[in-house]
Trainee: 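I have a structure here, written as structure tokens, and I will follow up with some questions on it.
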Number of protein chains: 2
Amino acid sequence: MKNQLKELRNQFNMTQEQLADKVAVSRQTIISIENGKYNPSLILAYKIAKEFRCSIEEVFDFSEVE
Amino acid sequence: MKNQLKELRNQFNMTQEQLADKVAVSRQTIISIENGKYNPSLILAYKIAKEFRCSIEEVFDFSEVE
DNA sequence: CCCTTATGTAAAGCAAACTTTACGTAAAGC
DNA sequence: GCTTTACGTAAAGTTTGCTTTACATAAGGG
């Protein structure tokens with residue numbers, strides 16, 4: 001699944017590690033989601049969106065889902 | 001996590017089994033999510049919201065998250 | 001009464017999310 | 001050159017979403 005994580009992180013001047021700490025997951029998890037390696041849990045997606053002050057739909061791209 | 005699944009399912013006159021088929025998971029999975037037993041994946045949450053023609057935020061309640 | 005439909009629980013097993021550790025690399029500063 | 005910072009990969013291990021099967025119950029219709 002594509003997403004705007006990298007772009008939003010840059011807009012907020014945040015490193016992967018800082019974001020990981022904020023949403024309470026490991027840096028690996030952020031890297032893997034950023035690179036589309038897997039489908040995060042709903043709560044994690046929500047926490048990330050909240051960190052960037054936007055909706056889940058603005059962070060994650062569902063256009064290619066099913 | 002609380003959610004509006006049961007209410008939306010009723011509005012759409014849909015059984016748990018019909019919803020499960022539509023979003024391609026087992027009936028158990030729908031039951032467990034409906035009863036707040038766990039945190040679904042983002043893609044599943046999206047598919048459910050899409051089935052009810054609304055946003056993820058309208059189906060799931062994040063007010064008690066972290 | 002019986003049968004079907006819709007919902008629920010429980011338990012075992014599988015698949016995938018997430019963690020942890022370790023290592024590689026490129027850029028920037030001293 | 002050396003060190004630090006930020007990003008990336010890989011692989012093994014833990015946790016949890018999700019499946020499958022089986023069984024229980026209440027409601028409604030014939």
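Every value quoted in this text rests on a predicted model; they were computed, and no experiment measured them. Order of the sequence lines fixes the chain letters, A, B, ..., with proteins taken first and strands second; residue numbering starts at 1 for each chain.
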Trainee: With no hydrogens and no angle check, is any side-chain donor or acceptor of B:Glu57 less than 3.5 Å from a backbone partner on A:Ser55?
Mentor: no
Trainee: Is a side-chain donor or acceptor of B:Arg27 paired with a backbone partner of B:Glu17 at a separation under 3.5 angstrom?
Mentor: no
Trainee: Please tell me which of A:Gln18 and B:Ile30 maps to the more 5' nucleotide of DNA chain D, matching each residue to the nucleotide holding its nearest heavy atom.
Mentor: A:Gln18
Trainee: Do any side-chain nitrogens or oxygens of B:Lys37 fall under 4.0 Å of OP1 or OP2 in D:dC18?
Mentor: no
Trainee: Once you round it to whole Å, what is the distance between C1' of D:dT9 and OH of A:Tyr38?
Mentor: 14 Å
Trainee: Would you confirm whether B:Asp61, through its side chain, and B:Met1, through its main-chain N or O, come within 3.5 Å as a donor-acceptor pair?
Mentor: no
Trainee: Please state how far atom CG in A:Leu44 lies from atom P in D:dG17, giving the value in whole angstrom units.
Mentor: 12 Å
Trainee: Within this structure, what is the CE-to-C1' distance between B:Met1 and D:dG17, rounded to whole angstrom?
Mentor: 12 Å
Trainee: Rounded to whole Å, please give me the gap between CG in B:Leu42 and P in D:dG17.
Mentor: 14 Å
Trainee: At under 4.0 Å, does any side-chain N or O of A:Lys6 touch on OP1 or OP2 of D:dA6?
Mentor: no
Trainee: Report yes if a side-chain nitrogen or oxygen of A:Gln28 is closer than 4.0 Å to either non-bridging phosphate oxygen (OP1 or OP2) of C:dT20; otherwise report no.
Mentor: no
Trainee: Could you state the CZ-P distance from B:Arg27 to D:dA24, rounded to the nearest angstrom?
Mentor: 15 Å
Trainee: Check whether the side chains of A:Gln4 and A:Glu58 place a donor and an acceptor atom closer than 3.5 Å, and report yes or no.
Mentor: no
Trainee: Using whole Å, report how far CD of A:Glu34 lies from P of D:dT9.
Mentor: 11 Å
Trainee: Of the options C:dC18, C:dT7, D:dG17, whose atoms approach the side-chain atoms of A:Pro40 most closely?
Mentor: C:dC18
Trainee: So, does B:Thr29 use its side chain to make a donor-acceptor pair with the main chain of B:Val25 at under 3.5 Å?
Mentor: no
Trainee: Given D:dT19, is OP1 or OP2 found less than 4.0 Å from the side-chain N or O atoms of B:Thr29?
Mentor: yes
Trainee: When the distance from CD1 of A:Ile31 to P of D:dT9 is rounded to whole Å, what number comes out?
Mentor: 8 Å
Trainee: Pick the closest DNA chain D nucleotide for A:Glu17 and for B:Val25 by heavy atoms, then say which residue is nearer the 5' end.
Mentor: A:Glu17
Trainee: Are A:Asn35 and D:dT9 close enough that a side-chain N or O sits under 4.0 Å from OP1 or OP2?
Mentor: yes
Trainee: Would you classify B:Ser26 as touching base, sugar-phosphate or nothing, given that sugar-phosphate means primed atoms plus P, OP1 and OP2, and contacts are heavy atoms under 4.0 Å?
Mentor: base
Trainee: Partner of D:dA10 by Watson-Crick or G-U wobble geometry, both contacts under 3.5 Å, or none?
Mentor: C:dT21
Trainee: B:Asn39 CG to D:dC18 P: how many Å, rounded?
Mentor: 8 Å
Trainee: Just to confirm, is there a sub-4.0 Å distance from OP1 or OP2 of D:dG17 to any side-chain nitrogen or oxygen of A:Ser41?
Mentor: no
